[in-house]
Amino acid sequence: MSPARPRVRPLVDLLRLFVPPGIWFAQFTTVYLAEALMCTPPVARPGALIWTGAAATLTALAALIAFAFMQGRRADRIERTGAAFLHDAALWLALLSGLAVIWTAFPFAVLPTCTPPAG
Amino acid sequence: MTDVAERRLAGHPNKLPRPKGELEALEKAWELPQGWRIISAVNNTVIGYFYVGAALLFFLLAGILALLMRLQLAVPSNTFLSQETYNQIFTMHGTVMMFLFAVPVVEAMGVLLLPQMLGARDLPFPRLSAFAFWAYFVGGLIFFATLFFDLAPSGGWFMYPPLTSTQYSPGMGADFWLLGIGFIEISAIAGAVELIVGVLRTRAPGMTLDRMPMFAWTMLIFAGMIVFAFPAVILATMLLELERAFGWPFFIPQKGGDALLWQHLFWFFGHPEVYIIFLPAAGMVSMIVPTMARTPLAGYRLIVVALIATGFFSFGLWVHHIFTTGIPAMSLGFFSAASMAVAIPSGIQVYSWIATIAAGRLRWSTPSLFVLGFLFIFTLGGLTGVMVAMVPFDWQAHDTYFIVAHLHYVLVGGMVFPLFAAFYYWAPAFSRRALSERFGKATFWLMFTGFNVAFFPMHISGLMGMPRRVYTYPEVMEWGVLNMISTVGAFLFAAGVLVFLIDLVRNLRPTVTEPIGNVWNASSLEWMHNHVYGPRSVPLVESRDPLWDQPGLSEESKAGRHYLPGTVTGVRETIVTSPIEAVPQALLRLPGYGWTPILAAVFTAGFFMLLTVKATALALLSGMLAVVAILIWMWESDPKPLPRAEIGHGIKVPTYVSGSLSHSWWAMVVLLLVAGSLYLAYVFSYLYLWTVSPQVWPKPAQSPALSWPIIAALLLAASSGLILWAGRTLPANFRNRLAFCVLIGSAIVALVGGLAIEVFAQWRMGIRPDADAHAAMIYMASFLQLELTLALVVMAGFAIARSIAGLLNRRRRVVYDNLGLLWHYTVLQGLFGLLLVHGFPRLVG
């Protein structure tokens, strides 16, 4: 029996391309907003910042791996050239976004939290 | 593509000979207005010519301003320009170059090139293209003219408050910037909607996404970035104008505002703007390099990935423009990291071009020279970009001439050089004569030498401490020699542009019928035979490089052997294809030339400009005339359904589609993304000001009772329900027609009522928008809601009128579908606004 054809939903299929960089952007926004909120008077909880950053980073990486896994499962069912191209491009973007997520988290490892800029 | 579709698309779609009179009918449908009436044309080629020409005009005007600045700075203590005049000139130079040249010219190239490149007859909304052009041109001319009446803004191209507040910029200059640029941004968004839908829905059959020309990919991402980036600056201009006009204190620290909010909003737009300008230029390079190297582009798939990644990453860089504003160290670290990360996808593109050049044999033509010049200059700009992405270095170099050098290396290298390459490359596709290679090479060497002589010394003068935006400097500073060298370089660059202009006058002969054609042996469709209607028949595309891999394609298309070789319905048409696989889905009937787009643009410009000079009554009149022109234009935009039309290969496609098959549905979805981005920028601003001034946020007891927002929310939700109900009674007979009108009318009452109750609830608590930043933010939420509500009232009235006229029914329902989409979005936005404005203070209070 031939595998079932996936439903063609052009808008959804196109938007799938933007999921990996979207995950990076969500992680980036979360850590930036977390620092803005947790280091300023209304909230001021610097201790929670490092955990928030770690959680956001791990969640983002897990989401990217899950996305790549799901894309891999879809690959067998894709016959159309445009859809196959989108699928491959999305996987490459997941890889690039994973690097960006790790890179964005790097300041957590090397910089103290809630410190004003020196100089 | 399905098997059926593949079988259908094999071989030639149509047989020869073609019926007598078919070509004549096609030509008649696409006939252009004659003489001066050509300004009423809406065809992409004509509008593209106007657009490119206007953008070049603004390039020249802003360039002249640059020369005046360089004359002033050539020697120390110069008195050639006064301080105020210099301030106006450098503000206008930056503003005109960025807003009236850089973005419009790439949109213009998109309008001109994309239909031909995609094998379409035109873009899907020709009148929208015309409106976008005329709005930009009229608004831009008025804005530039402010220089001659001493009304020009002088606060720098990024208009930072408090310098641009009424206290420090009391005249009308800042208002002209805020309203003028806000208006021109709307025109850019209109163009972006057109380009997105055009690229996704009007490609030639068979041109799947992986066969799409790289320029189309870059224009798609460019337009997508406009959708998400421009709303931030539109919101910023609204906030500052409301502060200047009515005292709503968004940026006044004494009342809980913060000037840094402007910087965040501006650069959230401003940094992606750099890539908005660069990506299409990179797309042009990706088209030119394979042709000149005579080999396919290396790493097509990776380049697409890199383009998308660059587009996204560019939204995480905005803070690197404001590293010196006291932002916490770790935040600087995030943005510094992101600024370096974007170098990876940018590098992928550069290596792909180098690999393509290495794989082929480069032809030493003028476009090649400009591409190589671009690679050299842009790479240097990228390297200094990595330098200023490092926070400690940026602290030293910030606001010095080092930054002026860096930004010009990036922008001129990354955009102007590719653009000139594009002019020389594509001129034969649109002109009876190619541009001169001799003049072209002279242009390149003058521009390349002049550019480096002008801007390289600025790195040194910057490192020596020369600040930006100074109108003069004392002799003791030892900057004089470097500045004199920069001035000489600037004039050399200008001489290059002058040679280019002479070349244009001597050789450019624009035509819509018989361009000289494929002199470079390029592979993409714009090099086929060309006419005002695009190709005679829409080609069946089977390859990424169709003219290389499908020999004889141009001749076959010209003979009418491909799709839609004539006009089925007697009017202008193009084929709507599916967004991913480019399978024919519908026949889109396009409007002919007319006056409504230009009138709508002129009156809209009039509205904004008259508002700026505080002629409120005349402004309102102009605004109403603009609405009338748009309504007349829209009335003709939903033609009646006709029987299915055969376009070739025995394929019959519908002549009327609605829902997600309709191109207008896609346009409305893009518009909703714009509205959503604007609202997200507002939410960011609200929360940002709370982190800065939590003391002005009210305690729960100071907020209106919860019953008020609950009633408002119920009314909003009811209005959405009524719209859904109206959809079920779409007129099939007179009784339904009456019910439909009553339901739509009731929905309007509920929607307006919800908004009115919210405003009243705040007002009765004694909250006034000029009291503090929190109050201003509350009313801003209602102001944003009001804008959409007004648009919906007009659209709802339009739908009622069409139903009464018998032009809206269950089949002919696009007007209702679009109304519904915007309506439900507006209600969701309103509900979220109520939650934010009433819930957040209670949460943190």
Side-chain angles (χ1 to χ4, degrees), chain A residues 5 8-11 13-14 17-18 20-22 24-25 27-29 31-37 39-43 49-50 53 79-86 88-93 95-97 99-119, chain B residues 1-3 200-201 207-212 224 300-302 304-306 308-309 311-313 315-316 319 323-338 340-342 344-345 348 391-392 395-396 578-582 660 666 669 684 687-688 690-692 694-695 697 844:
Chain A
R5 286 177 185 280
V8 179
R9 292 171 299 173
L11 186 58
D13 288 344
L14 273 173
L17 201 56
F18 304 129
W24 163 77
F25 192 69
Q27 180 243 9
F28 182 84
T29 313
V31 294
Y32 170 60
L33 290 181
E35 208 210 6
L37 286 175
C39 298
T40 45
V43 179
L49 182 59
I50 201 83
E79 296 166 6
R80 303 168 178 88
T81 59
F85 173 77
L86 280 186
D88 289 357
L91 280 178
W92 276 104
L93 278 166
L95 177 67
L96 211 52
S97 302
L99 288 175
V101 165
I102 294 168
W103 193 240
T104 300
F106 195 58
F108 275 114
V110 295
L111 290 173
T113 53
C114 297
T115 50
Chain B
M1 215 176 294
T2 64
D3 295 341
L200 289 178
R201 302 304 314 274
M207 189 186 278
T208 53
L209 278 183
D210 59 320
R211 293 173 184 163
M212 200 160 80
Y300 177 94
R301 191 163 300 202
L302 269 180
V304 173
V305 169
I308 296 170
F312 265 88
F313 291 172
F315 282 93
V319 165
F323 273 162
T324 57
T325 54
I327 289 169
M330 192 177 282
S331 290
L332 299 185
F334 299 143
F335 285 93
S336 184
M340 293 175 206
V342 79
I344 296 173
I348 289 174
V391 177
W395 281 339
Q396 303 305 317
S578 60
I580 297 173
E581 307 295 344
S660 64
W666 283 73
V669 168
F684 168 83
L687 296 174
Y688 177 84
W690 170 71
T691 63
V692 174
Q695 73 280 1
W697 255 248
V844 298

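It should be emphasised that the depicted structure is a prediction, and the values quoted were computed from it without experimental measurement. Below, read A as the first sequence line, B as the second, and so on, with proteins coming before strands; counting in each chain starts at 1. Atom set for the values below is all heavy atoms of this structure, side chains included, hydrogens, waters and symmetry mates excluded.
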Rounded to the nearest 0.5 angstrom, the OG1-CG distance for B:Thr691 and A:Leu37 is 7.0 Å
Bottom line for B:Val391: the part with an atom under 4.5 Å from chain A's heavy atoms is neither
key: A:Leu95 side chain near B:Val305 side chain, heavy-atom distance below 4.5 Å   = no
Worksheet entry | Intermediate values then yes/no, side chain to side chain contact (heavy atoms under 4.5 Å, CB included), B:Leu332 and A:Leu111 | CA-CA 10 Å; B:Leu332 299 185; A:Leu111 290 173; over 6 Å; no
Assert top hit (heavy-atom pairs under 4.5 Å, partner chain B, pool A:Phe106, A:Trp24, A:Trp92) equals A:Trp24
For B:Trp697, the side chain to side chain contact (heavy atoms under 4.5 Å, CB included) test, sequence neighbours excluded, returns B:Tyr686, B:Leu689, B:Trp690, B:His774, B:Phe840, B:Pro841
Turns out that what part of A:Leu99 lies under 4.5 Å from chain B's heavy atoms comes down to neither
So, the part of B:Leu687 with a heavy atom under 4.5 Å from chain A: the answer is neither
If one checks every heavy atom of B:Val304 against chain A at 4.5 Å, the contacting part turns out to be side chain
In terms of heavy-atom contacts, A:Gly82 and B:Glu581 come closest through N-OE1, 3.1 Å
* To do: Please check if the distance between the ring centroids of B:Phe335 and A:Tyr32 is under 6.0 Å.
  => yes
Partner of B:Phe334 under ring-ring contact (aromatic ring centres under 6.0 Å, His included), picked from A:Phe25, A:Trp103, A:Phe108, is A:Phe108
Rounded to the nearest 0.5 Å, the CD1 atom of A:Ile50 sits from the CE atom of B:Met330 at a distance of 5.5 Å
The side chain to side chain contact (heavy atoms under 4.5 Å, CB included) partners of A:Phe18 (sequence neighbours excluded) come to A:Leu15, B:Ile308, B:Phe312
Honestly, the part of A:Pro112 sitting under 4.5 Å from a heavy atom of chain B is backbone
So CD1 of B:Ile348 and CG of A:Leu96: to nearest 0.5 Å the spacing works out to 5.5 Å
**Request:** Describe, in one word, how the ring planes of A:Phe85 and B:Tyr300 are oriented to each other, choosing from parallel (under 30°), tilted (30 to 60°) and perpendicular (over 60°).
**Result:** tilted
So, the part of B:Phe313 with a heavy atom under 4.5 Å from chain A: the answer is both
With chain A, the option among B:Ala338, B:Gly316, B:Ala309 that has the most non-hydrogen atom pairs under 4.5 Å is B:Gly316
The interface call for B:Ser331 against chain A, heavy-atom contacts under 4.5 Å, is both
